[in-house]
Number of protein chains: 2
Amino acid sequence: MIKINIKNTKRIPDIVIEERLPKYLRALSRMYENGTLERVSSEDLGKTLNYSAAQIRKDLSYFGRFGKQGQGYDVKKLLDRLRDILGLQNRQWNMALVGVGGLGKAIMGYGRFAPQGFKIVAAFDQDPAKVGKKVAGVPVRDMKDLKDTIKEENIQIGIVAVPASSAQSVIGKLEEAGIKAILNYAPITPQKGIARIQDIDPVLKLQSMTYYLKQTEQSKK
Amino acid sequence: MIKINIKNTKRIPDIVIEERLPKYLRALSRMYENGTLERVSSEDLGKTLNYSAAQIRKDLSYFGRFGKQGQGYDVKKLLDRLRDILGLQNRQWNMALVGVGGLGKAIMGYGRFAPQGFKIVAAFDQDPAKVGKKVAGVPVRDMKDLKDTIKEENIQIGIVAVPASSAQSVIGKLEEAGIKAILNYAPITPQKGIARIQDIDPVLKLQSMTYYLKQTEQSKK
DNA sequence: GTATGTGAAAGTGTTCACAGCG
DNA sequence: CGCTGTGAACACTTTCACATAC
């Protein structure tokens, strides 16, 4: 049996994709826009992000060799490379939002999606009174049109902004319609299904901070 | 020298506090409200949260022994214990929001803070045109009143909803005013300071998902 | 019998430290 | 000579597996 020597591609830790690369991108974008710096070292980038220099070099090394020894990284080049890796280079991702209540409306009005290439192109609600109206310029549709609209509008990402009680069922419907990525604002942990899901719950974040606040309170006594 | 044998308290991993305990609490609250279950096993809880049973037992064991062998955990009792650990038992946390723009207004209208014991009791903006008006029943104040209001209103948590460009400086002002916990909606990574900070940026979450979406797209070709 | 609590083993992620390139 | 890229060492986290308690 002949063994072909494939380049030993090490597994990329999840946290690199899920947390750090997007943060690198965010920091570099800012540097680039401010136009202060043409090159950046792992040390510098680490300082602005509270990571070790080694961490940053290691993370980037999973995807290639972008730096120049003795010089650091070219900001523009690294930026482009990160956008490419994350699937953000020269393209737009279309999103469908479900649940046009207070939270849903706020999400539709959030100003940072579009400039980053994420566009909410459709909205859905189960309440007939809301269907047909427009929110942030987008017509609210009936849930029964979910599947068709997702195909027609070439939607790849779903946003869930419904109450906890209906969230799991809405996620199921999105998955049935072929959605593979969901941003979930409902306060539940969805059952594992087909789609990749990212949860947003500010209350959970507050609840972890109160743990530490409580500790400090007590140590004062 | 006499050695006192203190119980070997193992360090609690950060992720237990920062992620899992609040999720346990959220899931148990829901179970309790639905009233379906009086007891729950680590296996059951794990299934609803996509964690292993061992993980849950280990996490809880850092704080004591709450379960009964052969029976599992009493939902109500565990719920109370978790609330106690996280500093949520019979108390309210007061919060101050800075930045009454579109995002800030949406946060002030978010319906899940108050029922969980988190109350926005003051709002601040640097724009004189906004100062004096009310948003969601809360008067908007001048930034120069930050420190005094935080003392007077017994505020422990800050919420930052200003643009990236002023976020770091606002965080500094909150820290100067004695704030030890901040929920940061601005798209920056703050420099390490006195306060504990939790960041919320839905764009980062989307950007990690597109990485995987892109992979699937390519494997189809 | 059944499910917890927990040391020990396995697995995963981070830091070290230095060879090597610009 | 400075800073990257990277194996190797280290640190941390999760899972295993079983003695223990109800």
Side-chain angles (χ1 to χ4, degrees), chain A residues 5-24 28 31 37-79 81-82 85 189 192 208, chain B residues 5 7-24 28 31 37-79 81-82 85 192 208:
Chain A
N5 197 355
I6 295 178
K7 194 208 162 202
N8 177 24
T9 304
K10 276 190 219 110
R11 219 192 107 268
I12 301 163
D14 287 348
I15 197 171
V16 175
I17 307 297
E18 309 250 338
E19 281 218 43
R20 293 200 296 263
L21 288 197
K23 283 195 182 177
Y24 297 164
L28 289 164
M31 284 181 189
L37 226 53
E38 215 145 282
R39 289 215 194 79
V40 69
S41 66
S42 55
E43 176 107 21
D44 293 343
L45 188 54
K47 268 189 190 127
T48 88
L49 291 173
N50 306 318
Y51 295 134
S52 75
Q55 174 99 84
I56 287 174
R57 292 202 299 277
K58 172 76 72 175
D59 285 358
L60 296 178
S61 79
Y62 291 114
F63 303 94
R65 308 169 59 147
F66 314 134
K68 273 202 176 60
Q69 272 112 329
Q71 325 275 304
Y73 302 86
D74 181 293
V75 172
K76 177 70 169 88
K77 230 172 88 184
L78 183 52
L79 202 47
R81 200 65 194 81
L82 285 173
I85 291 164
T189 300
K192 254 220 192 71
S208 73
Chain B
N5 196 356
K7 194 207 162 199
N8 176 24
T9 305
K10 275 188 222 110
R11 221 193 107 269
I12 301 162
D14 287 350
I15 198 172
V16 175
I17 308 297
E18 310 251 336
E19 281 219 44
R20 292 201 295 266
L21 288 198
K23 283 195 182 178
Y24 297 164
L28 288 164
M31 283 180 190
L37 227 53
E38 214 144 283
R39 289 218 192 76
V40 68
S41 66
S42 55
E43 176 110 21
D44 293 343
L45 188 54
K47 266 186 192 130
T48 90
L49 291 173
N50 306 318
Y51 294 133
S52 75
Q55 174 99 85
I56 288 174
R57 292 201 300 276
K58 173 75 73 174
D59 285 357
L60 295 178
S61 79
Y62 290 114
F63 302 94
R65 307 170 61 149
F66 313 133
K68 273 204 176 58
Q69 271 112 329
Q71 327 276 306
Y73 301 87
D74 181 291
V75 172
K76 177 69 169 86
K77 230 172 89 183
L78 184 52
L79 202 47
R81 199 66 194 83
L82 285 173
I85 292 165
K192 254 218 192 72
S208 74

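Below, chain A is the first sequence line, B the second, and so on; all start at residue 1.
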Novice: Has Q71(A) got more than 12 heavy atoms of other residues, nucleotides or ligands less than 6.0 Å from its CD?
Specialist: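 Yes.
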Novice: Would you check if F63(B) and V16(B) make a side-chain contact, meaning some heavy-atom pair closer than 4.5 Å?
Specialist: yes
Novice: What salt bridge (charged side-chain N to carboxylate O under 4.0 Å, His left out) pairs are there with at least one residue in residues 55-71 of chain B, not counting sequence neighbours?
Specialist: R20(B)-D59(B)
Novice: Closest-nucleotide mapping onto DNA chain C: is Y51(A) or A54(B) further toward the 5' terminus? I mean the 5' end.
Specialist: A54(B)
Novice: Round to the nearest Å and state the distance from R57(A) atom CZ to dC16(C) atom P.
Specialist: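 Spelled out: CZ on R57(A) to P on dC16(C) is 11 Å.
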Novice: Extract, from 5' to 3' on DNA chain D, the first and final nucleotides lying under 4.0 angstrom from some heavy atom of chain A.
Specialist: dG2(D) to dA8(D)
Novice: Are any of the side-chain heavy atoms of Y24(A) and I85(A) separated by less than 4.5 Å?
Specialist: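 No; the side chains remain at least 4.5 Å from each other.
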Novice: Atom CG of L78(B) to atom C1' of dT4(C): distance rounded to whole Å?
Specialist: 13 Å
Novice: Any non-hydrogen side-chain atom of L28(A) less than 4.5 Å from a side-chain atom of Y73(A)?
Specialist: no
Novice: Could I get the full list of salt bridge (Lys or Arg N to Asp or Glu O under 4.0 Å) partners for K76(A), not counting sequence neighbours?
Specialist: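 K76(A) satisfies salt bridge (Lys or Arg N to Asp or Glu O under 4.0 Å) with D80(A) once adjacent residues are dropped.
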Novice: Output all residues satisfying side chain to side chain contact (heavy atoms under 4.5 Å, CB included) with K47(B), sequence neighbours left out; order by chain, then residue number.
Specialist: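 By the side chain to side chain contact (heavy atoms under 4.5 Å, CB included) rule, K47(B) matches E43(B).
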Novice: So what does R39(A) touch, heavy atoms closer than 4.0 Å: a base, only the sugar-phosphate, or nothing?
Specialist: nothing
Novice: Between F66(B) and I12(A), which is nearer to the 5' end of DNA chain C once each is assigned its nearest nucleotide?
Specialist: F66(B)
Novice: Would you mind reporting whether L82(A) and L60(A) have side-chain heavy atoms less than 4.5 Å apart?
Specialist: yes
Novice: Using whole Å, what does the distance between atom P of nucleotide dG13(C) and atom CZ of R20(A) come to?
Specialist: 9 Å
Novice: Between protein and nucleic acid, restricted to nucleotides 8-12 of chain C and to nitrogen or oxygen atoms under 3.5 Å apart, what atom pairs and distances do you find?
Specialist:
none

Novice: In Å, rounded to the nearest 0.5 Å, how long is the span from CG of L78(B) to CZ of F66(B)?
Specialist: 7.0 Å
Novice: Dump every N/O contact between nucleotides 19-22 of chain C and the protein below 3.5 Å, one line per pair.
Specialist:
unit_1  : atom_1 : unit_2 : atom_2 : d
dG20(C) : N2     : Q69(A) : NE2    : 3.3

Novice: Just how far is it from atom CD of Q55(B) to atom CG of N50(B), taken to the nearest 0.5 Å?
Specialist: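 So the CD of Q55(B) and the CG of N50(B) are separated by 11.5 Å.
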Novice: Using a 4.5 Å cut-off on heavy atoms from C-beta on, say whether the side chain of L45(B) contacts that of M31(B).
Specialist: yes
Novice: Y62(A) OH to dG13(C) P: how many Å, rounded?
Specialist: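 Going from Y62(A) (OH) to dG13(C) (P), I get 8 Å.
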